[in-house]
Peer 1: 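The structure's right below; bear with me while I get my questions together.
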Amino acid sequence: MGAPFLITIATMALHSSLAVASDPSPSQDFCVAINDPNTAVFVNGKICKYPKVVNADDFFFQGLNKPGNATNQQGSNVTTTNVNNLAGLNTLGVSLARLDFVPYGLNPPHTHPRATEVLFVLESTLHVGFVTSNPPNNMKNQLFTKTLNPGEIFLPFPLRLIHFQFNVGKMNAVAFAGFSSQNPQVNTIANAVFESNPPIFLDILTKALLFDNKVID
Ligand SMILES: *[C@@H]1O[C@H](CO)[C@@H](O)[C@H](O)[C@H]1NC(C)=O
Ligand SMILES: *[C@@H]1O[C@H](CO)[C@@H](O)[C@H](O)[C@H]1NC(C)=O
């Protein structure tokens with residue numbers, strides 16, 4: 001024991017505090033997920049399948065060539081891969097989604113509680129943007145936007161910030177999003193605020209959003 005030992009501890013502490021920004025790095029080549037409710041083993045992710053019985057299908061997903069059905073109220077549909085439908089993603093800290101939009105379809109303002117996102121447009125034209133969290137000194141939250149054509153990407157929609165994508169083209173849009181998590185999750189702002197169960201008291205929403213009750217209703 002002594003200085004080297006203390007430095008090791010300090011380094012470990014530093015590493016673990018940095019690791020909270022995204023999924024932790026895996027400590028093995030892979031850790032294919034297994035659903036076993038009878039085991040009492042808990043890890044950050046799912047427990048691993050025995051390596052000798054892992055096969056190529058554990059790392060394989062098909063179907064992202066097919067559009068999701070975007071004929072709905074928002075005019076968008078997200079087809080996700082994550083650790084629940086692609087077990088090999090477990091502990092690897094990445095995943096991919098396909099986004100489909102009808103003309104003027106919107107992927108409404110939302111956050112991903114666990115991931116930064118990078119967006120690639122394949123077809124049509126998407127107006128995309130994200131908003132910073134509250135800055136100091138009563139400055140306004142800053143909006144960053146870009147209008148993307150096929151072949152263009154918008155660099156990370158940063159971790160947990162509110163963002164959106166809107167198809168401003170006259171044709172169906174297709175885009176792909178990469179995530180820095182095996183399971184980025186989605187938190188849609190309007191659903192959380194206006195459609196919770198039970199609903200948030202009207203007076204709270206009115207005061208928070210400076211609308212009158214009728215608008216909120
Ligand atoms: C998205 O598309 C899938 C596949 O077509 C469909 O099953 C699902 O209901 C759609 N989701 C929404 C929100 O429209
Ligand atoms: C897409 O969803 C809409 C609304 O639910 C439905 O009417 C339509 O048949 C679906 N289209 C396909 C191709 O499944």
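Please read all numbers here as calculations on a predicted model, not as lab measurements. Both counts, for ligands and for their atoms, begin at 1 and track the order of listing.
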Peer 1: Return yes when at least one protein heavy atom is under 4.0 Å from atom 2 (O) of ligand 2, and no when none is.
Peer 2: yes
Peer 1: Can you report which non-hydrogen protein atom sits closest to atom 5 (O) of ligand 1, along with the distance?
Peer 2: N69 N, 3.2 Å
Peer 1: Provide, to 0.1 Å, the distance between atom 8 (C) of ligand 1 and the closest protein heavy atom, together with that atom's residue and name.
Peer 2: N77 ND2, 3.8 Å
Peer 1: Write down the atom of F101, the atom of S76, and the distance for their closest heavy-atom approach.
Peer 2: CD2-CB, 3.7 Å
Peer 1: Spell out, as yes or no, whether a donor-acceptor pair under 3.5 Å connects the side chain of N90 to the backbone of A87.
Peer 2: no
Peer 1: Treat each ILVMFWY residue as a node, draw an edge where side-chain heavy atoms are under 4.5 Å apart, and state whether L64 and F179 are in one component.
Peer 2: no
Peer 1: Among all the protein's non-hydrogen atoms, which is closest to atom 13 (C) of ligand 1, and how far away is it?
Peer 2: N72 ND2, 3.8 Å
Peer 1: Which of the atoms of ligand 2 are close to T71, meaning less than 4.0 Å from one of its heavy atoms?
Peer 2: 2 (O), 3 (C), 4 (C)
Peer 1: Tell me, with the steps shown, if T125 and N149 meet side chain to side chain donor-acceptor pair (under 3.5 Å).
Peer 2: CA-CA 5 Å; T125 303; N149 290 303; 3.0 Å; yes
Peer 1: Does the protein come close to atom 11 (N) of ligand 1 - that is, does one of its heavy atoms sit below 4.0 Å from that atom?
Peer 2: yes
Peer 1: So, the side chain of H112 versus the backbone of Q185: is there a donor-acceptor pair under 3.5 Å, distance only?
Peer 2: yes
